[in-house]
Amino acid sequence: MTNNPTGTADPTQPTMPAHHFEMRFTSTPRGARLARRLCAERLHAWGLPYGTEAHDAVTLLVAELTANAVHHGRVPGRDFHVRLTVPAQPFSTVRIEVADTRGERLPEPAQHFPGPDRTDGRGLFLVAALADRWGWGPRLREAPGKVVWAEYDRRNHDAQTVLGQM
C-alpha cells in the first residue's frame, strides 16, 4: 500500500486479507499432506479451532485440491502452490487456491457419486458439496498451468447450524 497522508485506504491499491498463507510444495503425496497440515494449523491459529465444522470442511477442501494437484496436475520437477486467505472482519469466507503447472488437464466434476467399486472420482464431487463456490482458471503468475479454487463461507454454514437447532 502506498503512503497516504489522509489515513484512508488507497482505492487503487489491492487490500491484503486479514490472514494470508501461501507456500510451494513438492508435487508428491507427502507435499499434499504437508500442505493440508500447515493449512489446518494456520486456520486454528487464526481462530477457526480444530474440530469445528468450518475447520474440518476447509481442511478437507485443502486436502482434495492438493491431492488433485499431485495426482492430475503433476509435472515432474515442478511444485504446486497453495494460497489460503481470509478477509478482514468479520471472519467469514475462506478462500483456497491451488496452482499446478499442468494447464491442459482441466478439472471435470463427477456427474454422480462413483460406485463403491471405484477408488477415484470423489475429490471434485466433495469439493462441489462442501464449497459455496469453486472453479478454475489459468495460472497468470510465474509459470504455466491452472489454479483451482474453492470458497467456504462460514456465514452460510453458521446460519444453517442455527436453523437446524431450532
Side-chain angles (χ1 to χ4, degrees), residues 17-87 91-139 141-158 160-161:
H19 302 291
H20 177 89
F21 169 73
E22 63 182 292
M23 186 176 234
R24 292 190 191 293
F25 298 91
T26 59
S27 290
T28 63
R30 185 177 186 178
R33 202 168 39 250
L34 180 59
R36 177 183 50 84
R37 287 179 158 223
L38 289 176
C39 287
E41 193 281 329
R42 292 292 172 138
L43 290 168
H44 180 75
W46 293 341
L48 196 59
Y50 286 108
T52 61
E53 179 183 338
H55 186 278
D56 292 347
V58 173
T59 302
L60 183 55
L61 287 167
V62 170
E64 292 300 333
L65 294 179
T66 58
N68 282 350
V70 168
H71 187 70
H72 302 291
R74 183 175 182 272
V75 173
R78 295 192 179 168
D79 298 337
F80 68 91
H81 184 259
V82 174
R83 178 178 292 128
L84 183 66
T85 55
V86 179
F91 188 102
S92 57
T93 303
V94 180
R95 182 175 174 96
I96 307 112
E97 298 177 13
V98 178
D100 63 50
T101 54
R102 192 126 190 225
E104 75 277 6
R105 291 196 69 183
L106 298 178
E108 292 185 34
Q111 298 303 315
H112 53 83
F113 198 74
D117 56 331
R118 296 213 23 221
T119 59
D120 64 342
R122 291 175 171 82
L124 289 178
F125 193 83
L126 288 171
V127 169
L130 288 172
D132 292 292
R133 292 163 296 285
W134 76 277
W136 66 89
R139 186 176 185 178
R141 300 182 196 181
E142 305 139 14
K146 66 182 171 298
V147 176
V148 182
W149 57 268
E151 292 181 345
Y152 182 88
D153 191 340
R154 287 185 57 196
R155 293 172 297 193
N156 292 344
H157 300 277
D158 289 347
Q160 290 173 3
T161 302

Legend entry - Gap between atom CG of L65 and atom CD of E97 - 0.5 Å precision: 10.5 Å

Legend entry - Taking every non-hydrogen atom, the tightest pair across W46 and H20: CZ2-N, 3.6 Å

Legend entry - Side-chain heavy-atom pair E22, L84 within 4.5 angstrom cut-off: no

Legend entry - Gap separating the OG1 atom of T101 from the CZ atom of R78, nearest 0.5 angstrom: 5.0 Å

Legend entry - Results of side-chain contact (heavy atoms from CB on, under 4.5 Å) for A35 - residues two or more places apart only: F25, T66, F80, V82

Inset, instruction - Could you walk me through whether I96 and E151 pass the side chain to side chain contact (heavy atoms under 4.5 Å, CB included) test, one step at a time? - result: CA-CA 6 Å; I96 307 112; E151 292 181 345; over 6 Å; no

Legend entry - Intermediate values then yes/no, side chain to side chain contact (heavy atoms under 4.5 Å, CB included), L124 and N68: CA-CA 9 Å; L124 289 178; N68 282 350; 3.7 Å; yes

Inset, instruction - Verify the neighbour count for atom CZ of R30: are there more than 12 heavy atoms of other residues, nucleotides or ligands below 6.0 Å? - result: no

Inset, instruction - Under the side chain to side chain contact (heavy atoms under 4.5 Å, CB included) rule, what do L48 and R154 come out as? Steps first, then yes or no, please. - result: CA-CA 10 Å; L48 196 59; R154 287 185 57 196; 3.5 Å; yes

Inset, instruction - Mind running side chain to side chain contact (heavy atoms under 4.5 Å, CB included) on R83 and F21 for me, showing each step along the way? - result: CA-CA 6 Å; R83 178 178 292 128; F21 169 73; over 6 Å; no

Legend entry - Side-chain (K146) to main-chain (W136) donor-acceptor, under 3.5 angstrom: no

Inset, instruction - Identify whether the distance between the nearest side-chain nitrogen and carboxylate oxygen of D153 and R155 falls below 4.0 Å. - result: yes

Legend entry - Any residue meeting side-chain contact (heavy atoms from CB on, under 4.5 Å) with A67, in chain and number order, not counting sequence neighbours: none

Legend entry - Qualifying residue, where the test is side-chain contact (heavy atoms from CB on, under 4.5 Å) with L61 and the options are D56, V98, L130: L130

Inset, instruction - Locate the shortest heavy-atom distance separating V70 from A32; write the atom from each residue and the value. - result: CG2-CB, 3.9 Å

Inset, instruction - Please confirm whether the backbone N or O of S27 pairs with a side-chain atom of R74, one donor and one acceptor, at under 3.5 Å? - result: yes

Inset, instruction - Over all heavy atoms of both residues, which pair between E64 and G123 is shortest? Give the atoms and the distance, please. - result: OE1-CA, 3.1 Å

Report, one line per pair, each donor and acceptor closer than 3.5 Å where one atom sits in a side chain of residues 37-44; sequence neighbours left out.
from: H44; atom 1: ND1; to: Y50; atom 2: N; distance (Å): 3.2

Inset, instruction - Measure the spacing between CG of L60 and OH of Y152 and express it to the nearest 0.5 Å. - result: 11.0 Å

Inset, instruction - Determine whether R36 and T59 make a side-chain contact, defined as any pair of heavy atoms from C-beta on separated by less than 4.5 Å. - result: yes

